[in-house]
Amino acid sequence: MTNRERQILEILRRNPLISQKELADTLGIKRSSVAVHITNLVKKGHIKGKGYILQEDDYAVVIGGANMDITGFTQHNLIDRDSNPGRITMTPGGVARNIAHNLVNLGINTKLVTAIGNDVFGSQLLDSCTQCGIDTSLIKKIENHSSSIYLSIIENSGDMKLAISDMEITERLTKEMLASHHHIIDNASCIIADTNLEKGLLEYLATTFKDRVILDTVSTAKTEKIIDFVGSFKMIKPNRQEAELLVGFSIKTKKQAEKAIEILLDKGVQTIILTMGEEGVLYGSSRGLASLKLPGSSAVNTTGAGDAFLAALVYGQLRGYSLNESVKIASTASLLTMKSEFSSDPSLCEDILINTYQTIS
């Protein structure tokens with residue numbers, strides 16, 4: 001399905017009785033072009049008949065943060081407490097939004113549940129999601145609250161030096177709101193959440209959809225929220241520091257990392273993906289433990305690499321790849337994303353990902 005076809009399906013989901021002229025005006029294209037896209041969608045089975053009755057494909061639901069990324073790239077080594085020459089970009093981001101964007105790029109029909117403000121950044125976030133094909137029907141616009149902003153400084157090595165995250169609006173997502181969409185979440189092929197959500201909301205998801213939610217732990221400060229009910233998640237993807245918090249001891253060796261994975265499996269988590277930076281990835285399930293380290297690569301921006309990793313991991317599982325293959329595919333997506341200055345690489349697609357995966361495997 002093309003991006004334009006995804007855009008049309010998204011509009012049709014919100015307004016099944018819209019005319020082709022209205023569709024053309026909304027998208028800024030000719031009515032004849034809309035007719036061609038509609039015909040193609042009918043042929044592909046996405047539209048079933050008159051009135052634009054839609055054939056609902058399998059879909060993923062991603063719940064969590066969306067924000068504008070304001071990123072500063074330095075030209076030289078950073079000098080503390082001084083003005084550093086460089087350049088600044090502003091792009092849509094946020095863990096949940098990035099994961100949703102990557103999933104759509106990989107051909108997975110995806111619904112995003114998040115909160116945005118009724119402001120300029122909120123409009124930009126909503127427009128960006130619509131343009132890339134994310135289903136935005138579950139995005140909540142909150143009056144009198146600012147949209148989330150993520151401000152970061154990237155060193156000339158490509159690594160993030162410092163960041164400030166203002167995501168207070170995410171706390172406006174409530175259990176009542178999610179409960180009102182229970183049937184949509186429950187019917188999803190995959191449910192993904194991030195720890196930008198409030199503790200009570202994370203616990204609601206973990207218990208209501210027990211053993212179905214895949215969790216991105218985001219940061220050590222936010223990982224603390226899930227300690228008491230971590231065993232209710234289907235899969236978690238912590239880094240070393242986040243895993244240390246969950247198990248209560250330092251992880252400095254591979255043996256300690258394996259012990260941490262075994263503890264989390266005993267707590268009830270079905271799959272643990274432990275990212276160890278340059279040391280690679282350790283992962284485990286009831287079938288055992290394994291590790292992976294792909295060749296190193298120069299980075300332009302490491303922000304969003306973890307989001308691409310999780311999205312591609314989910315893609316691999318939904319497409320029937322084994323856990324081992326899915327982790328390799330996920331690591332490949334991470335490497336590709338680090339070569340882009342965007343937190344979700346717009347050029348990432350299924351063909352590029354799989355071709356690259358096959359080349360380096």
Side-chain angles (χ1 to χ4, degrees), residues 64-65 78 80 95 99 150 152-155 157-165 167 192-199 202-203 206 211 213-297 299 302-310 313 323-324 326-328 330-331 334-335 337-338:
L78 274 174
D80 290 340
V95 174
I99 292 172
Y150 181 79
S152 63
I153 303 296
I154 307 299
E155 294 185 291
S157 64
D159 289 327
M160 187 263 287
K161 174 68 173 180
L162 181 67
I164 298 175
S165 177
M167 303 194 68
I192 306 167
D194 70 47
T195 54
N196 287 307
L197 301 172
E198 279 194 311
K199 179 178 179 179
L202 287 166
E203 189 168 13
D211 301 328
V213 179
I214 296 171
L215 186 72
D216 192 311
T217 47
V218 178
S219 70
T220 51
K222 295 174 181 178
T223 298
E224 190 172 3
K225 301 174 186 178
I226 65 165
I227 291 176
D228 296 337
F229 49 92
V230 64
S232 295
F233 292 103
K234 176 181 180 180
M235 179 190 295
I236 61 173
K237 185 190 72 68
N239 62 22
R240 187 198 310 262
Q241 292 77 21
E242 294 156 3
E244 289 175 342
L245 185 65
L246 290 172
V247 298
F249 58 81
S250 178
I251 300 174
K252 297 188 180 301
T253 66
K254 183 178 179 180
K255 186 174 181 179
Q256 289 171 330
E258 291 173 345
K259 181 181 177 182
I261 291 174
E262 289 170 350
I263 289 173
L264 292 170
L265 289 173
D266 288 342
K267 287 180 179 288
V269 186
Q270 295 178 23
T271 305
I272 294 94
I273 312 294
L274 176 51
T275 58
M276 302 278 286
E278 294 180 355
E279 297 174 45
V281 181
L282 274 73
Y283 53 100
S285 68
S286 59
R287 296 187 176 184
L289 276 60
S291 62
L292 173 69
K293 183 176 181 181
L294 291 181
S297 177
T302 57
T303 302
D307 305 334
F309 181 102
L310 185 58
L313 183 71
L323 179 59
N324 289 340
S326 295
V327 171
K328 291 178 182 178
S331 297
S334 181
L335 290 177
T337 300
M338 285 192 289

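Computed over heavy atoms, backbone and side chain alike; hydrogens, waters and symmetry mates excluded. The model shown is predicted, which means the values in this text are computed figures rather than measured ones.
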Which pairs pass salt bridge (charged side-chain N to carboxylate O under 4.0 Å, His left out) with one or both residues in [range], sequence neighbours excluded?
range	value
residues 247-261	none
residues 241-251	none
residues 269-279	Arg240-Glu279
residues 260-272	none

Test item: [X] and [Y] side chains (from C-beta on) under 4.5 Å apart, heavy atoms:
X	Y	result
Ser331	Leu335	no
Ile192	Asp216	no
Ile227	Leu246	yes

For residues [X] and [Y], report the shortest heavy-atom separation together with the two atoms involved.
X	Y	value
Ala257	Leu274	CB-CD2, 3.8 Å
Met338	Ala305	CG-CB, 3.6 Å
Ser232	Ala206	CB-O, 3.5 Å
Met160	Tyr150	CE-OH, 3.8 Å
Ile261	Ile272	O-CD1, 3.8 Å

Q: Keeping the roles fixed (side chain from Thr195, backbone from Thr217), state whether a donor-acceptor pair exists under 3.5 Å.
A: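 Confirmed, Thr195 side chain pairs with Thr217 backbone.
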
Q) Is a side-chain N or O of Ser285 found less than 3.5 angstrom from the main chain of Gln270, in a donor-acceptor match? A)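 Not at all, since once roles are kept as given, no pair shorter than 3.5 Å links the two residues.
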
Gap separating the [atom1] atom of [X] from the [atom2] atom of [Y], nearest 0.5 angstrom:
X	Y	atom1	atom2	result
Leu313	Met235	CG	CE	4.5 Å
Thr271	Phe233	OG1	CZ	14.0 Å
Lys234	Asp211	NZ	CG	9.5 Å
Met276	Ile251	CE	CD1	6.5 Å
Leu215	Ile273	CG	CD1	12.5 Å
Ser219	Asp194	OG	CG	9.5 Å

Q: Return the set of residues passing side chain to side chain contact (heavy atoms under 4.5 Å, CB included) with Asn324 (not counting sequence neighbours), or none when no residue passes.
A: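 Scan of Asn324 (side chain to side chain contact (heavy atoms under 4.5 Å, CB included), adjacent residues dropped) gives Tyr283, Ala290, Ser322.
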
(Q) Test of understanding: with salt bridge (charged side-chain N to carboxylate O under 4.0 Å, His left out), list the residues that count as partners of Asp228, not counting sequence neighbours. (A)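 Per chain and number, Asp228 pairs via salt bridge (charged side-chain N to carboxylate O under 4.0 Å, His left out) with Lys199.
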
Q) Got a sec: does the NZ of Lys222 have more than 12 other heavy atoms crowding it under 6.0 Å? A)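 Yes, NZ of Lys222 has more than 12 neighbouring heavy atoms, counting only those of other groups under 6.0 Å.
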
